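Down below is the structure, laid out as structure tokens.
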Amino acid sequence: MIAVRAKGLNLSYGDHQVLREVNVAVEAGEFVVIIGPNGTGKTSLLKSLAGLLKASGEIEIFGRPLARYSRRQLAATVAVVPQQVPLAFPFTVLETVLMGRSPHLGLLEVEGREDYRIARQAMEFTDVSHLGARRLDELSGGERQRVIIARAVCQEPKLILLDEPTASLDPAHQLRIMDLMERLRREREITVIMVSHDLNLASLYGSRILLLRDGGAILAGSPAEILTPANLAQAYGCPMHVDRYPLTGAPRISLLPLNQSASPSSG
Amino acid sequence: MSDPASITRRLLLIVPVLAVVLAAAMLVGASFGSSGVSMSELFRFMRGQGGDSVAATIIWEIRFPRVILAAVTGATLALGGLVFQALLRNPLAEPYILGVSGGSAIGAIIALLAGLAPFPGMAMAAFAGSMLVLGLVLLLGTGRSRSRRESLLLGGVMVNALCGAIIMFLISLARNTQVQHVLFWLMGDFSMFSREQLPLLLAVAPSFVVIYFLARPMNLLLLGRENAAAMGIDVRTVSNLLLIATTFMVSVVVCHSGLIGFVGLVVPHILRLVVGPDHRLLAPASILGGASYMILCDLLARSLPTGGEMPVGIVTALVGAPLFIFLLWRGNR
């Protein structure tokens, strides 16, 4: 089953075209990581798939055109973990997670026992149960990110879209977030699409990589197919050293200082 | 983890408590006045034993309408502040500070000078004026150079100043007999209100209903427009409904009671400390709390030893402006 199919996406901000004839197909149950240099439209692509930006072209989510979803139906199918969550009016952790039930509630309906159960389960899943009564603005970055992910899980989506969820987290928390996503995919059969700048995490966790390049060209394939010195040097404009992780055999990417340009394996 | 009380259960606790507070405020408000009709006479009157017809007339014709007007005005302005704060994700937003009240005052004064009745003539003119100002402020708030929060407030201040100048210009056009009336009204005045006007206040009710229906979407709006949309909220429809409902109800009360500032700032701020940020609790709490607060402010305005009677807008500003300054200072640290 196809979770996401996008055909001929175009999107411009004023004169600047960020997406040009972009085609994407994601199978249900995949863990897709979108990588690419800044400004190539990774976030714009993600937001377009979530219906938050109006790109021209065709988008189908689980076989149904995006335009035929109501906002609520879409939110019951697709959850988004944004780059930032404003904290001006701090809710508690439990209140925040419960908001994920919103697309499943009627206009004046209040959260019932079942909604609380689902929220609790989501909080347990991301290991934030003990933080339930704390306010969101009192948490560390890693805790906050796990709360936002719990909220997305609480939405009970079939597809989850994440925009750089590991940015500004320490290595242990990065791995924790990635592990959660892998478990979501495996245990709950949720399709995961994630934007990331971390090429090694992409290599370790992605079942497929989308490499966005300037001008809208996309390379798609397994980590081993996409994460090659030639592809990376062409996309990012800087040399990178690629070898294999000893245990998994996945591509391992090392950065090189710019002034030592020539590296034996950079192509 | 202990099970925190559900929204319904908390609502069933908060609403009765605030309703009792409001009832007490109304009793005190109705039993106090320059003519010296006391609380005991009020109770006699309420039991239907009001033998003293002078006391009955004072309570029924003067104090009761005034207390109701104060209650409706306070409820509307507090709820209006709450909605603007959610829409703009800014705890400092409020109809008066954003200039929305000023805009409706311009409309209302023009209608007043043209000799229109408070309803629907003045109310409609006030509504048009406040929608215009709101559009202008929102337009200024979308500028890129500053953070939205500051530019919005700055825009509100500037538009407010412009409104003030236009109001003064309109007053200079007014006949002498009208000037006193308009000036008092501008500072917030409940004394011109008569019992016959009471039913006109019902015009705010539809707005209350619309806002209560949109309380949960308002929670999600606090997370930002895009996040709210991603969680199933039709942001444009919800925002437009909220803006129109709020602007309309504010226009209705501005017509009757003039410009009263900072209520929409003070009441939601205090209530948020008590009941938390959930609008399903905050909306009804703001209605009841705003009503009580305004009745007490009016009581204070009436009982301060001044030459005549002090406009209630002065009292609310003396309480509210320092809080506003404090919040601004704390937010900038």
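This structure is a prediction, so every number in the text was calculated from the model and none was measured. Proteins get letters first, then strands, A, B, ... in listed order; numbering begins at 1 in each.
Interface residue Glu109(A): only backbone heavy atoms are found under 4.5 Å from chain B. Heavy-atom distances place the side chain of Arg272(B), and not its backbone, under 4.5 Å from chain A. For chain B, the nearby parts of Leu107(A) are the backbone and the side chain; heavy atoms of each come within less than 4.5 Å. Neither the backbone nor the side chain of Arg135(A) comes within contact range of chain B; no heavy atom of the residue lies under 4.5 Å from a heavy atom of that chain. Using a 4.5 Å cut-off between heavy atoms, Pro90(A) touches chain B through its backbone atoms (N, CA, C, O) alone.
Side-chain polar atoms of Ser130(B) and Thr247(B) form no donor-acceptor pair below 3.5 angstrom. In the model, Asn90(B) has no side-chain atom that pairs as donor or acceptor with a side-chain atom of Gln85(B) under 3.5 Å. No donor-acceptor contact under 3.5 angstrom links the side chains of Arg185(A) and Thr191(A), judged on distance only. Looking only at atom types and distance, the side chain of Ser6(B) has no donor-acceptor partner in the side chain of Tyr116(A) under 3.5 Å away. A donor-acceptor contact closer than 3.5 angstrom is absent between the side chains of Asn160(B) and Tyr96(B).
For chain B, the option among Ala79(A), Ala50(A), Gly106(A), Ser70(A) with the highest count of heavy-atom pairs below 4.5 Å is Gly106(A). For the set Arg113(A), Glu111(A), Glu95(A), Gln84(A), the entry with the most heavy-atom pairs within less than 4.5 Å of chain B is Glu111(A). Contact count versus chain A (heavy atoms, under 4.5 Å) is highest, among Pro277(B), Pro217(B), Ala215(B), Ala86(B), for Pro277(B). The candidate from Leu214(B), Asp234(B), Thr8(B), Asn219(B) with the greatest count of non-hydrogen atom pairs under 4.5 Å with chain A is Asn219(B). Of the residues considered (Leu53(A), Leu161(A), Val110(A), Val80(A)), Val110(A) shows the highest number of contacts with chain B, using heavy-atom pairs under 4.5 Å. Note on Val85(A), Leu105(A), Leu98(A): by heavy-atom pairs under 4.5 Å with chain B, the leading option is Leu105(A).
Ring geometry for Tyr205(A) against Phe31(A) counts as tilted: the plane angle lies between 30° and 60°, on a 0 to 90° scale.
Ion pair Arg101(A)/Glu114(A) not flagged as a salt bridge, since none of the NZ, NE, NH1 or NH2 atoms sits closer than 4.0 Å to an Asp/Glu carboxylate oxygen.
Within a 6.0 Å radius of CZ in Arg5(A), other residues, nucleotides and ligands contribute 12 heavy atoms or fewer.
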